[in-house]
2 protein chains.
Amino acid sequence: MKYADSGVNIDAATRALARSKKAVRSTWDHRVKNEMGAFGGLFQAAEGEPLMVASVDGVGTKVMIARMAARYNTVGQDLVNHCVDDILVQGAEPLFFLDYFATSKLEEEMLPEIIDGFSTACRENGCALLGGETAEMPGVYGPGEFDLAGTIVGRVLPENVIDGSGIAAGDKVWGLPSTGLHTNGFSLARAVLFDKVGYSVSDTPAELNGVSVGDALLKVHKSYLGDVRNLWQKFGREAIHGLVHITGGGFYDNIPRVVPDGLCVNVDTNSFQALDIFQLIQAKGDVSDVEMHRVFNMGIGMVVIADESLDLSQVEGVGAVLLGDVAAGDMPVQLLF
Amino acid sequence: MKYADSGVNIDAATRALARSKKAVRSTWDHRVKNEMGAFGGLFQAAEGEPLMVASVDGVGTKVMIARMAARYNTVGQDLVNHCVDDILVQGAEPLFFLDYFATSKLEEEMLPEIIDGFSTACRENGCALLGGETAEMPGVYGPGEFDLAGTIVGRVLPENVIDGSGIAAGDKVWGLPSTGLHTNGFSLARAVLFDKVGYSVSDTPAELNGVSVGDALLKVHKSYLGDVRNLWQKFGREAIHGLVHITGGGFYDNIPRVVPDGLCVNVDTNSFQALDIFQLIQAKGDVSDVEMHRVFNMGIGMVVIADESLDLSQVEGVGAVLLGDVAAGDMPVQLLF
C-alpha cells in the first residue's frame with residue numbers, strides 16, 4: 001500500500017501550496033528571517049533583538065485513534081511536543097503555546113481531558129499555555145469527531161539560529177529514538193491496521209510484544225528539548241550543525257529542509273531497528289521500504305548532524321544512534337536499505 | 001429561538017472550561033501578565049521588554065456559508081481581522097499570524113483561495129503570514145467540509161497595555177460599526193435563515209435591500225486597527241480607557257471582560273440601528289432582544305470606552321456612535337432596549 005491509497009495525497013497538497021507561495025511572500029518584509037519551507041517561521045521585530053520562532057500544527061488523524069480508544073489526555077501532549085520539536089530544530093526554546101479544539105458537539109467530560117494533555121506537556125516543556133479556543137461545529141465535524149491545532153512561539157538569539165548552513169562533508173549523522181508514530185502517518189496506519197487487517201484498538205498482535213494496537217499508536221510524541229539541551233551543554237551549540245524533526249514526509253522530505261546544496265546526508269537504515277509498530281504496519285500492508293521511510297519516522301524522531309569529532313552516544317539518557325554521515329552529492333538525502 | 005436550540009450550548013462550554021482553569025494556570029509563571037479570560041494572552045519574556053500578546057481563534061460555522069456560496073477567499077480575511085481585533089483591545093499591534101486549514105479531502109483549487117484570504121488581510125494589517133499547516137482528514141471532517149484556525153502574535157509596550165483599569169464612572173461608551181455578523185452567531189443564523197425559513201445563499205429577501213443572504217453573511221470581519229490607531233493619534237493612548245471586541249457572547253459576555261468591579265457600562269441599544277441582516281434574523285427567528293445581544297454584535301463590532309471629554313464622532317472615517325456611559329453599579333453591563 002501507499003500513502004495516497006489511504007486517501008491522503010501529499011503531492012496534491014504540495015502542488016496547491018506551491019501556488020500559494022507568492023501570496024504568502026507578499027506578506028513578508030525584512031523582519032521575516034526564514035526561507036519558505038522552514039520548520040518554524042523566524043521573526044525579528046527589531047534589529048539586535050532575539051528572534052521569535054513560531055510554528056503551527058495538528059496531530060492529523062491521531063485524533064481518530066484517541067476517539068476509538070476513548071483516551072483524550074494524550075493528544076494534547078502530542079501536539080505541544082510536536083510544536084516544541086519543530087522550533088527546537090532552529091535552535092529555539094519555547095515560550096508559550098495556544099490551542100484550538102473543535103468538535104461536532106461539546107462533551108463536557110472530553111474538553112478537560114484534552115486541556116489536561118496540553119497543560120501536562122506545557123509544564124514539562126516550561127511553556128505557558130497562553131490561550132485557547134473551543135468551537136462546537138455540528139455539521140463540519142462528523143458525529144463525535146474532533147480536531148486540534150496548536151501554535152507555539154519560542155525564541156532564539158540571532159547567533160544561535162540553526163539553519164543547516166554549518167553542515168559540512170564529514171559530519172556525522174545521529175538519530176534520537178522516537179516513541180512510535182509521533183503525529184504522522186496515521187491515515188496509512190489506520191488503512192492497514194483497521195481497514196485491511198481489521199484490528200481493534202484493544203487487540204494485542206504478537207508482533208507488538210504485549211502492547212495493544214491502541215497503546216502503540218497513541219504513544220506520546222517525544223519532546224527532544226531536554227535531550228538537545230544536554231547535547232548543547234556537553235558539546236557547545238556550535239558543534240551541532242543541523243537538527244531535523246522527522247515529521248510528515250519522513251526521512252525523504254524532512255532531511256532536505258536543512259541540507260545545503262551539494263551535500264548529501266547518508267542514512268543506513270540498518271543502523272537502527274524499526275519499532276514493532278512500524279514492522280507490523282509494513283508487513284500487514286505490504287508497504288515498500290521507501291514508502292515506509294517517506295511516511296513514518298520508523299523509530300528515529302530527531303536527526304542530529306554534528307561535527308565528526310563528537311560521539312553523541314556517550315551522552316547518557318539521550319540514546320543517540322549513529323545513522324551515517326554527510327558527503328558531497330547531488331541528492332540531499334540517500335537511504336541505504 | 002435561542003442559541004442553544006441551534007445546537008450550540010455556550011453554558012456547557014463555559015462549565016467545561018471552568019474545570020480546566022486550574023490545569024491551564026499550572027503552566028503559568030511570572031511571565032504571564034494577563035488574567036484568565038482576557039481577549040489575548042500577555043507574555044513578557046524578560047523584565048522591561050515589550051509584552052507579546054497572542055490570541056487564537058476560528059471563524060465558527062461561517063466556513064459552512066463559504067462552502068454554500070463556494071467563496072473561499074474571504075474566510076481567511078475574517079480570521080486574520082478577528083485575531084487583530086482580539087489583541088488590539090489590549091493595546092497591541094500585530095507582528096505575525098499562523099494559519100491552520102483542515103479538510104476532508106484537499107481540493108487543489110480551494111487551498112490557494114483560502115491562503116489568498118489570509119495573505120490579503122495580513123498585508124492590510126502589516127502582519128506577516130509566518131506559517132501555516134494544511135491537513136487532509138477524511139473521516140474527521142464531513143465530505144467537502146473544512147475548518148480554519150489562526151493564531152496571531154503582536155506586541156505592546158508595558159506602559160501601553162489596556163486592561164480596563166483606567167475605566168471610571170462618567171466615561172463615555174462608543175461603538176464602532178461592524179460589517180455584519182463578523183465571525184459569531186452563525187449557528188443561530190443558519191438555523192433561522194436556512195433550516196427554519198429555507199433561504200438559499202442566493203436569495204435576496206426584501207429586508208436585505210438588494211443584498212443576497214450569502215453576501216450579507218459573508219461580509220468580511222472588520223479590522224479596527226486603522227480606526228483605533230486614528231483614535232490613539234488624535235487623543236493620545238491614555239484617553240482610551242477600554243476597548244471591547246464584540247465577539248461570541250455579544251454585548252453581555254464581552255463588555256464585562258474589561259469593566260472593573262463596581263462599575264456598569266450602560267448601552268442604549270436605540271442609539272444605533274441594527275444591521276439589516278440582524279433585523280431579518282430576529283424577525284424570522286422570533287429571537288428576543290436579549291438573546292440577539294447575547295449572540296450577535298448587532299452592528300457594533302468594537303466598543304470604545306473613553307474619557308468623557310472626548311467626542312469620537314468627530315474623527316473622520318471611524319463612524320463612532322455614542323452608545324452610553326459608565327456609572328457606578330453592581331452589574332458590569334446593562335442594556336436599554
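Proteins come first, then strands; the chains are lettered A, B, ... in the order of their sequence lines, and each starts at number 1. Computation of the quantities below employed the complete heavy-atom set of this structure, encompassing side-chain atoms and omitting hydrogens, waters and symmetry-equivalent molecules.
Contact count versus chain A (heavy atoms, under 4.5 Å) is highest, among Ala38(B), Ala18(B), Pro143(B), Ala54(B), for Ala54(B). The choice from Gly142(A), Gly131(A), Pro112(A) that makes the most heavy-atom pairs within less than 4.5 Å of chain B is Pro112(A). For the set Arg123(A), Glu113(A), Glu108(A), the count of heavy-atom pairs under 4.5 angstrom toward chain B peaks at Glu108(A). For chain A, the option among Thr120(B), Leu130(B), Thr103(B) with the highest count of heavy-atom pairs below 4.5 Å is Leu130(B). The choice from Val140(A), Val153(A), Leu98(A) that makes the most heavy-atom pairs within less than 4.5 Å of chain B is Val140(A). Interface remark: of the candidates Asp57(A), Thr61(A), Leu42(A), Asp57(A) forms the most heavy-atom pairs closer than 4.5 Å to chain B. Top candidate by heavy-atom pairs under 4.5 Å with chain B, chosen from Cys122(A), Ala149(A), Gly150(A), is Ala149(A). Highest contact tally toward chain B, considering only Leu111(A), Asp116(A), Thr134(A), is held by Leu111(A) [criterion: heavy-atom pairs under 4.5 Å].
Between the CD atom in Glu133(A) and the SG atom in Cys83(B) there is a gap of 9.0 Å [rounded to 0.5 Å]. Rounded to the nearest 0.5 Å, atoms OG (Ser119(A)) and NZ (Lys22(B)) are 12.0 Å apart. Within the model, atoms CD1 of Ile115(B) and NZ of Lys21(A) stand 11.5 Å from one another, a figure rounded to the nearest 0.5 Å.
Side-chain contact of Asp147(B) with Tyr100(A): a donor-acceptor pair under 3.5 Å is present, judged by distance alone.
Scanning both residues, Arg190(A) and Pro138(B), for their nearest heavy atoms gives NH2-O, 4.2 Å. Across every non-hydrogen atom of Arg155(A) and Ala45(B), the tightest pair is NH2-CB, 3.1 Å.
Within residues 62-74 of chain A, the residues that have a heavy atom under 4.5 Å from a heavy atom of chain B are Val63(A), Met64(A), listed by number. Within residues 85-97 of chain B, the residues having any heavy atom under 4.5 Å from a heavy atom of chain A are, by residue number, Leu95(B), Phe96(B). Applying a 4.5 Å heavy-atom cutoff, the residues of residues 25-36 of chain A that approach chain B are Ser26(A), Thr27(A), Trp28(A), Arg31(A), Val32(A), Asn34(A).
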CA sep, side-chain torsions, deciding dist, call: Met52(B), Met52(A), side-chain contact (heavy atoms from CB on, under 4.5 Å)
CA-CA 10 Å; Met52(B) 289 179 247; Met52(A) 289 180 246; 3.6 Å; yes

Test side-chain contact (heavy atoms from CB on, under 4.5 Å) applied to Val56(B) and Thr151(A), step by step:
CA-CA 8 Å; Val56(B) 54; Thr151(A) 300; 5.8 Å; no

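Heavy atoms of Glu49(A) lying under 4.5 Å from chain B belong exclusively to its side chain. Of the two parts of Ala135(A), neither the backbone nor the side chain holds a non-hydrogen atom closer than 4.5 Å to a non-hydrogen atom of chain B. Neither the backbone nor the side chain of Ile114(B) comes within less than 4.5 Å of any heavy atom of chain A. Using a 4.5 Å cut-off between heavy atoms, Val24(A) touches chain B through backbone and side chain atoms alike. Only the backbone of Phe146(B) comes within contact range of chain A, with heavy atoms under 4.5 Å apart. For Ile152(B), no part lies under 4.5 angstrom from a heavy atom of chain A.
Looking at Arg19(A) and Glu109(B), a side-chain N of the basic residue comes within less than 4.0 Å of a carboxylate O on the acidic one, giving a salt bridge.
Evaluation of the side chain to side chain contact (heavy atoms under 4.5 Å, CB included) rule for Glu107(B) yields Met110(B) as partners, not counting sequence neighbours.
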